[in-house]
Peer 1: 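Just dropping this structure here.
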Amino acid sequence: MISDATKPEAVHHVLEAASAFQAALVTWFRQVGRTYPWRETQDPYAILVSEMMLQQTQIATVLDRGYYERWLEAFPTVEALAKAPEDAVLKAWEGLGYYRRARSLHQLAIVVCAEHDGRLPETLEGMLALPGVGRYTAGAVLSFAHDLSVPLVDGNVHRVFARLFDFRQEVDRPAGQKQLWAWAEALVPKDGARAYNSGLMELGQTICAQKQPDCPACPVRDFCQTRDPVALPVKTKRKATEFVEEHVWWCLREGKLRLVQETGKRRKGLWKLPECGEADSRGSLLYKAKYSITHYRVTLHVHACEETLTEGQWHPLASIPALAMPAPYRKAVQQLLAESKEFKLTHT
DNA sequence: GAACCGTGGGC
DNA sequence: TGCCCAAGGTT
């Protein structure tokens, strides 16, 4: 941490020296900016896919676990995605979470094929009209793919701007957002927005990191107004954890497993084990695990089912790997199948 | 404008 | 362990 004694005052104000700020940032980015697959292309669709996947999701998850590469192989163009069945789209997203993103991207492809001849819009209004595309994603696609002068604000920019401007309001409230977007608009250059926006995010990701920011190495330290970077940005408190018990059936008969498809807002379209009814009718406990979803801490219990269920459908064991399932159920099903005699008989 | 939506990783 | 975080968007 930088002490107050050694941290100098900003020698320039960002807004009064925008060109110098932009130049310092872009020069630094061109020297040390990392290469990602989505920085190697100017295909707006490929860039959009990366931006959708990266919403609230770490780069390592998207990259190291192969989601981005597999997606573009399965759905290489807007047309290919538009023609794909939703089951296949959700399967490709399995394990990434926030499944609305996958359904939005699929719907987006269908709309773009129907109304824009398969080409993504090149205007802010056009992009914002698409499902799952907000101001950040629109700005990212337009600046990264087309080098258009459009601002963007994401979690990295929250951090960089909060520190740069010594901004002590909560960044995740509407008032804070309004201020951050105003600064982003004021600072985005007319030319070279691709490198500038990339550099802004890269800075927030590396030197201007959440913990242990490396201020001495910062290319724009002369513009920075805060003396206490670690305290910024300020965020609202998150909701307290609630503990929930979840009981589901393991109903396996003649090589088929009973599953239900989610229809509500949560995990819509994905398959899960049927929920148990009355506590006193539950069979023996086969599996128990804990997982988190949003602010809930869930204990999942899987019980042996002896009766006949009316809800859900039978799925042959061979078809189960192709179904999209939420991660906690996928893990439970995999473990229980591995233990199951029926499975061993058909797979050995 | 607050609440909601998944998951895996870091400490 | 429990809590925070991560290239946000929708309701």
Side-chain angles (χ1 to χ4, degrees), chain A residues 33-34 36-39 47-65 67-68 90 93-105 107-108 127-145 151-160 170-178 180-181 184 194 197-206 208-212 230 233-243 262 264-270 272 289-298 300 324-331:
Chain A
R34 290 177 282 192
Y36 295 118
W38 45 87
R39 282 183 179 162
I47 290 168
L48 174 66
V49 169
S50 77
E51 294 304 338
M52 294 291 286
M53 285 189 172
L54 289 165
Q55 288 171 12
Q56 298 292 284
T57 306
Q58 296 190 348
I59 291 173
T61 301
V62 170
L63 226 41
D64 299 349
R65 296 174 62 196
Y67 285 104
Y68 181 71
L90 287 173
W93 206 271
E94 183 183 274
L96 263 183
Y98 286 140
Y99 296 98
R100 176 190 297 276
R101 294 181 293 172
R103 290 185 288 107
S104 295
L105 191 48
Q107 288 305 308
L108 179 154
M127 285 299 296
L128 288 173
L130 299 173
V133 176
R135 206 170 170 190
Y136 164 76
T137 303
V141 171
L142 293 173
S143 63
F144 296 158
L152 57 73
V153 172
D154 75 329
N156 291 304
V157 180
H158 287 174
R159 194 157 52 244
V160 172
E170 292 163 317
V171 294
D172 49 2
R173 286 187 189 276
Q177 285 289 302
K178 189 178 176 184
L180 292 168
W181 278 99
R194 174 188 291 136
N197 280 340
S198 300
L200 205 51
M201 294 171 65
E202 181 88 9
L203 186 70
Q205 204 184 321
T206 57
C208 199
Q210 178 76 13
K211 297 171 182 177
Q212 292 189 300
V230 179
V234 179
K235 295 182 181 176
T236 56
K237 286 183 182 175
R238 76 166 36 192
K239 203 170 178 182
T241 303
E242 287 184 44
F243 294 85
E262 298 266 18
K265 290 184 175 180
R266 185 182 295 185
R267 297 162 164 170
K268 186 177 174 185
L270 279 74
K272 57 172 280 189
K290 291 186 178 183
Y291 69 91
S292 297
I293 175 168
T294 65
H295 68 287
Y296 296 99
R297 182 72 180 162
V298 183
L300 173 64
M325 300 180 62
Y329 295 98
R330 175 60 70 191
K331 288 171 191 166

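In what follows, chains carry the letters A, B, and so on, assigned in the order in which the sequence lines appear, proteins first and then strands, with residues in each chain numbered from 1. The structure displayed is predicted, hence computed values, not measured ones.
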Peer 1: In whole Å, what separates the P atom of B/dG8 from that of C/dT1?
Peer 2: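 Straight-line distance between the two P atoms is 16 Å.
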Peer 1: Rounded to the nearest Å, what distance is computed from the NZ atom of residue A/Lys211 to the C1' atom of nucleotide C/dC5?
Peer 2: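 After rounding, the gap between these two atoms is 8 Å.
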Peer 1: The criterion is side-chain hydrogen bond (donor to acceptor under 3.5 Å, both in side chains); which residues satisfy it with A/Glu242, sequence neighbours excluded?
Peer 2: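 Result, side-chain hydrogen bond (donor to acceptor under 3.5 Å, both in side chains) vs A/Glu242: A/His295.
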Peer 1: Where along residues 56-63 of chain A does a heavy atom fall under 4.0 Å from DNA chain C?
Peer 2: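 Close to the strand are A/Gln56, A/Gln58, A/Ile59.
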Peer 1: Tell me: CD of A/Gln210 to C1' of C/dA6, nearest whole Å?
Peer 2: 10 Å
Peer 1: Looking for any heavy atom pair under 4.0 Å, which part of the strands does A/Ala140 touch: base, sugar-phosphate only, or nothing?
Peer 2: nothing
Peer 1: Between A/Tyr98 and A/Gln55, is a side chain to side chain contact (heavy atoms under 4.5 Å, CB included) present by the stated rule, with each step listed?
Peer 2: CA-CA 9 Å; A/Tyr98 286 140; A/Gln55 288 171 12; over 6 Å; no
Peer 1: Quickly work out the A/Tyr98 OH to C/dT10 C1' distance and round it to whole Å.
Peer 2: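 Nearest whole value for this atom pair: 12 Å.
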Peer 1: Identify whether any heavy atom of A/Leu152 sits under 4.0 Å from a base atom; if not, whether one sits that close to sugar-phosphate; answer base, sugar-phosphate or nothing.
Peer 2: nothing
Peer 1: Taking the nucleotide of DNA chain B with the closest heavy atom to each, which residue, A/Ala175 or A/Tyr291, is nearer the 5' end?
Peer 2: A/Ala175
Peer 1: Can you name the residues that form a salt bridge (charged side-chain N to carboxylate O under 4.0 Å, His left out) with A/Arg194, not counting sequence neighbours?
Peer 2: none
Peer 1: For a quick check of understanding: with a heavy-atom distance under 4.0 Å over all strands, which category does A/Thr137 fall into, base, sugar-phosphate or nothing?
Peer 2: sugar-phosphate
Peer 1: Using the side-chain hydrogen bond (donor to acceptor under 3.5 Å, both in side chains) criterion, which residues pair with A/Ser143? Sequence neighbours excluded.
Peer 2: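 Here the qualifying residues are A/Asn197.
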Peer 1: Identify the 5'-most and 3'-most nucleotides of DNA chain B with at least one atom closer than 4.0 Å to a non-hydrogen atom of chain A.
Peer 2: B/dA2 to B/dG8
Peer 1: Would you measure the distance from the P atom in C/dA7 across to the matching atom in B/dA3 and give it in whole Å?
Peer 2: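 The same atom, P, in both gives a distance of 24 Å.
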Peer 1: Which residues pass the side-chain hydrogen bond (donor to acceptor under 3.5 Å, both in side chains) test with A/Thr57, not counting sequence neighbours?
Peer 2: A/Arg101
Peer 1: Main chain of A/Gly95, side chain of A/Tyr99: is a donor-acceptor contact present, judged purely on distance under 3.5 Å?
Peer 2: yes
Peer 1: Quickly work out the A/Arg101 CZ to C/dT11 C1' distance and round it to whole Å.
Peer 2: 18 Å
Peer 1: Using a heavy-atom cut-off of under 4.0 Å over every strand shown, decide if A/Lys237 touches base, sugar-phosphate, or nothing.
Peer 2: nothing
Peer 1: Can you measure A/Arg266 atom CZ to C/dT10 atom C1' for me and round it to whole angstrom units?
Peer 2: 15 Å
Peer 1: Heavy-atom distance under 4.5 Å between the side chains of A/Met325 and A/Glu94, does that happen here?
Peer 2: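 Of all side-chain heavy-atom pairs linking A/Glu94 with A/Met325, at least one is under 4.5 Å.
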Peer 1: Checking all strands, does A/Val157 fall into the base, sugar-phosphate, or nothing category for heavy-atom contacts under 4.0 angstrom?
Peer 2: nothing
Peer 1: Look only at the side chain of A/Tyr67 and the backbone of A/Ser50, and say whether a donor-acceptor pair between them is shorter than 3.5 Å.
Peer 2: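 Answer holds: no.
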Peer 1: Side-chain N or O of A/Arg159 versus OP1/OP2 of C/dA6: is the shortest distance under 4.0 Å?
Peer 2: yes
Peer 1: Can you sort out the partners of A/Arg135 under salt bridge (charged side-chain N to carboxylate O under 4.0 Å, His left out), two or more places apart, ordered by chain and number?
Peer 2: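 A/Arg135 satisfies salt bridge (charged side-chain N to carboxylate O under 4.0 Å, His left out) with A/Glu185 only.
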Peer 1: With A/Arg266, which residues qualify under salt bridge (charged side-chain N to carboxylate O under 4.0 Å, His left out), at least two apart?
Peer 2: none
Peer 1: Quick one: ring-ring contact (aromatic ring centres under 6.0 Å, His included) partners of A/Tyr136, sequence neighbours excluded?
Peer 2: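 Per chain and number, A/Tyr136 pairs via ring-ring contact (aromatic ring centres under 6.0 Å, His included) with no residue.
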Peer 1: Would you please name every residue forming a salt bridge (charged side-chain N to carboxylate O under 4.0 Å, His left out) with A/Arg173, sequence neighbours left out?
Peer 2: A/Glu170
Peer 1: Closest-nucleotide mapping onto DNA chain C: is A/Trp38 or A/Leu130 further toward the 5' terminus? I mean the 5' end.
Peer 2: A/Trp38
Peer 1: Ignoring backbone atoms, test whether A/Lys235 places a side-chain nitrogen or oxygen under 4.0 Å from the OP1 or OP2 oxygen of C/dA6.
Peer 2: yes
Peer 1: Look at all strands and tell whether A/Tyr99 reaches a base, only sugar-phosphate, or nothing, counting heavy atoms closer than 4.0 Å.
Peer 2: sugar-phosphate
Peer 1: Specify the separation, in whole Å, of atom CG of A/Asp154 and atom C1' of C/dA6.
Peer 2: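 Distance, rounded to whole Å: 10 Å.
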Peer 1: What integer distance in Å separates A/Met53:CE from C/dG8:P?
Peer 2: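 Result: 15 Å.
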Peer 1: A/Ile293 CD1 to C/dC5 P: how many Å, rounded?
Peer 2: 19 Å
Peer 1: Could you tell me which residues satisfy side-chain hydrogen bond (donor to acceptor under 3.5 Å, both in side chains) with A/Tyr36, sequence neighbours excluded, listed by chain and number?
Peer 2: A/Arg34, A/Gln205
Peer 1: Need to verify one output field. Residue with the more 5' nearest nucleotide on DNA chain B, A/Gly95 or A/Pro174?
Peer 2: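 The residue mapped nearer the 5' terminus is A/Pro174.
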Peer 1: Please write out each protein N/O paired with an N/O of nucleotides 1-3 of chain C under 3.5 Å, distance rounded to 0.1 Å.
Peer 2:
none

